Asks: 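To start, I am sharing the structure in question, which I have written as structure tokens.
Since we're looking at a predicted model, the values are computed, not measured.
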Amino acid sequence: MHEPETSDGFEPEATRREADVTESTRANRGWWDRNADEYQIEHGTFLGDDRFVWGPEGLDEVEAELLGPPEELKGKAVLEIGAGAAQCARWLAAQGARPVALDLSHRQLQHALRIGGSFPLVCADAGALPFADGSFDLACSAYGALPFVADPRLVLREVHRVLRPGGRFVFSVTHPVRWAFPDEPGPEGLSVSSSYFDRTPYVEQDERGHAVYVEHHRTLGDRVRDIVASGFRLVDLVEPEWPAWNTSEWGGWSPLRGNLIPGTAIFVCERD
């Protein structure tokens with residue numbers, strides 16, 4: 001899935017094994033701090049400085065309106081979780097919203113500072129949000145936090161807590177069906193290679209066996225149950241189709257695979 005190196009040039013070993021909340025958080029904070037520069041160089045043009053893109057397919061919030069009509073965002077307090085360089089928050093600010101961009105990685109937020117913006121940047125764990133109850137009208141996360149946490153309900157419950165009644169949380173993750181296929185953009189990525197029901201985390205570890213990157217798999221049913229158990233109502237599940245204009249590859253995402261199997265799942269949740 002990724003090709004990071006440790007500081008001594010060691011190529012991490014990819015495996016499937018258990019990784020708890022603490023190990024996952026530590027590993028992913030380090031990975032994103034080390035790889036933020038490369039990530040922004042490689043994907044910054046596609047993401048733009050102030051676009052709101054939900055995933056590699058290129059679905060744009062301008063068209064999707066999953067947070068609501070853009071004209072209704074004005075004055076809304078919005079929390080972006082796993083903001084990276086805060087491209088989505090920057091777009092929200094341009095609509096007149098009052099975004100806060102949160103990320104676990106200090107280096108990612110330094111890129112947000114480099115690009116600029118007049119909204120707050122917060123370096124914190126999504127499973128322990130440093131905000132009072134009912135602080136936000138909306139929350140969003142484009143491939144942020146949820147794929148990387150060992151217990152997604154910790155994040156979902158925290159988002160539920162900081163949202164006001166009637167608030168909406170929209171988040172995108174790798175489509176769960178992708179876990180049954182190799183993470184390859186070419187023809188080799190079209191054959192099932194493992195069980196969709198195997199929830200063992202994907203781990204990259206150093207020579208001492210310490211995780212340096214962790215990603216967690218939840219089936220579609222798991223995601224729905226997590227959402228409902230955390231107090232939300234699931235109002236939509238969006239599976240973006242690959243558009244003809246998008247000829248780019250992004251890791252295992254590509255036009256070849258995107259025209260055959262879903263690559264992204266977007267969950268639209270509301271807090272009663």
Asks: Flag the pair Ile266 / Leu59 as yes when at least one side-chain heavy-atom distance between them is below 4.5 Å, and no otherwise.
Replies: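 SC-SC contact between Ile266 and Leu59 confirmed.
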
Asks: Run the salt-bridge test on Arg90 and Glu80 with the 4.0 Å N-O cut-off and return the result as yes or no.
Replies: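 Here Arg90 does not pair with Glu80 in a salt bridge, since their nearest N and O are not under 4.0 Å apart.
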
Asks: Report yes or no: do Val224 and Val159 belong to one cluster of Ile/Leu/Val/Met/Phe/Trp/Tyr joined by side chain heavy-atom distances under 4.5 Å?
Replies: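 Linked within one cluster.
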
Asks: Any salt bridge linking Glu23 with Arg26? Criterion: basic side-chain nitrogen under 4.0 Å from a carboxylate oxygen.
Replies: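 Salt bridge: no.
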
Asks: Does any non-hydrogen side-chain atom of Phe171 lie less than 4.5 Å from one of Cys269?
Replies: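 Counting from C-beta outward, Cys269 and Phe171 do come under 4.5 Å.
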
Asks: Using modelled atom types only, decide if a donor and an acceptor are shared between the side chain of Ser141 and the backbone of Ile81 within a distance under 3.5 Å.
Replies: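 Confirmed, Ser141 side chain pairs with Ile81 backbone.
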
Asks: When you compare the side chains of His111 and Arg114, does any donor N or O come within less than 3.5 Å of an acceptor on the partner?
Replies: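 The criterion, which ignores hydrogens and geometry beyond distance, is satisfied for Arg114 and His111.
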
Asks: Decide yes or no for Val155 and Leu146: does some side-chain heavy atom of the first lie under 4.5 Å from some side-chain heavy atom of the second?
Replies: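 Contact flag for Val155/Leu146 side chains = yes.
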
Asks: Please step through side-chain contact (heavy atoms from CB on, under 4.5 Å) for the pair His216 and Val149, ending with a clear verdict.
Replies: CA-CA 7 Å; His216 292 269; Val149 296; 5.7 Å; no

Asks: Using atom types as modelled and distance alone, determine if a side-chain donor or acceptor of Ser194 lies under 3.5 Å from a backbone N or O of Trp179.
Replies: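 Looks like yes, one N/O pair under 3.5 Å.
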
Asks: Gln87 pairs by side-chain contact (heavy atoms from CB on, under 4.5 Å) with which of Leu47, Asp50, Val53?
Replies: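 Of the listed residues Leu47, Asp50, Val53, the side-chain contact (heavy atoms from CB on, under 4.5 Å) partner of Gln87 is Leu47.
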
Asks: Quick one: are Trp54 and Val238 in side-chain contact, heavy atoms under 4.5 Å?
Replies: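 Trp54 vs Val238: side chains apart.
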
Asks: When you measure from the side chain of Trp253 to the backbone of Gly263, do you find a donor-acceptor pair of N or O atoms at a distance under 3.5 Å?
Replies: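 Indeed, once roles are kept as given, a pair shorter than 3.5 Å links the two residues.
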
Asks: Using a 3.5 Å distance criterion without hydrogens, assess whether the side chain of Arg257 forms a donor-acceptor pair with backbone atoms of Glu184.
Replies: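 It does hold such a pair.
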
Asks: Could you tell me if Gln40 and Gln108 have a donor-acceptor pair between their side chains, going purely by distance under 3.5 Å?
Replies: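 Judged by distance alone, the side chains do pair up.
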
Asks: Does any non-hydrogen side-chain atom of Phe232 lie less than 4.5 Å from one of Val228?
Replies: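 Result no, sub-4.5 Å side-chain heavy-atom pair not found.
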
Asks: Does the ring center of His217 lie less than 6.0 Å from the ring center of Tyr202?
Replies: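 No, ring centres 6.0 Å or more apart.
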
Asks: Check whether any side-chain N or O of Ser230 sits under 3.5 Å from a backbone N or O of Leu156 as a donor-acceptor pair, and report yes or no.
Replies: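 Answer holds: no.
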
Asks: Spell out, as yes or no, whether a donor-acceptor pair under 3.5 Å connects the side chain of Asp206 to the backbone of Gly209.
Replies: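 Present.
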
Asks: Please check if any side-chain donor atom of Asp20 sits under 3.5 Å from a side-chain acceptor atom of Thr22, or the reverse.
Replies: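 Short answer, no.
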
Asks: If you count the non-hydrogen atoms of other residues, nucleotides and ligands that lie under 6.0 Å from NE2 in His210, is the total more than 12?
Replies: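 More than 12 heavy atoms, drawn from other residues, nucleotides or ligands, come within 6.0 Å of this atom.
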
Asks: Verify whether the ring centers belonging to Trp32 and Tyr39 lie closer than 6.0 Å.
Replies: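 Trp32 vs Tyr39: aromatic centres under 6.0 Å.
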
Asks: Spell out, as yes or no, whether a donor-acceptor pair under 3.5 Å connects the side chain of Arg16 to the backbone of Thr200.
Replies: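 Looks like yes, one N/O pair under 3.5 Å.
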
Asks: Any link between Trp242 and Tyr143 through a network of hydrophobic side chains (Ile, Leu, Val, Met, Phe, Trp, Tyr) touching at under 4.5 Å?
Replies: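 Linked within one cluster.
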
Asks: Donor-acceptor check, side chain of Arg233 to backbone of Glu270, threshold 3.5 angstrom: yes or no?
Replies: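 No; zero donor-acceptor contacts below 3.5 Å.
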
Asks: Counting only heavy atoms not in Glu241, do more than 12 fall under 6.0 Å of its CD?
Replies: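 Open.
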
Asks: Pairing donors with acceptors under 3.5 angstrom, does anything connect the side chains of Trp91 and Glu61?
Replies: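 On atom types as modelled, these side chains do not qualify, holding no pair under 3.5 Å.
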
Asks: Are the side chains of Gln95 and Val78 in touch, meaning some heavy atoms are under 4.5 Å apart?
Replies: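 No. Closest side-chain heavy atoms not under 4.5 Å.
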
Asks: Do side-chain atoms of Asp137 reach the backbone of Gly167 as a donor and acceptor pair under 3.5 angstrom?
Replies: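 Looks like no, no N/O pair under 3.5 Å.
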
Asks: With a 4.5 Å cut-off on side-chain heavy atoms, are Leu79 and Leu138 touching?
Replies: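 Leu138 does not reach Leu79 side chain to side chain.
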
Asks: Aromatic contact between Trp250 and Phe46, with the criterion being ring centroids under 6.0 Å apart: yes or no?
Replies: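 For Trp250 and Phe46, the ring centres are under 6.0 Å apart.
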
Asks: When you measure from the side chain of Arg161 to the backbone of Leu129, do you find a donor-acceptor pair of N or O atoms at a distance under 3.5 Å?
Replies: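 Such a contact is found between Arg161 side chain and Leu129 backbone.
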
Asks: Are Leu73 and Leu67 close enough that some pair of their side-chain heavy atoms sits under 4.5 Å apart?
Replies: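 Yes. Closest side-chain heavy atoms under 4.5 Å.
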
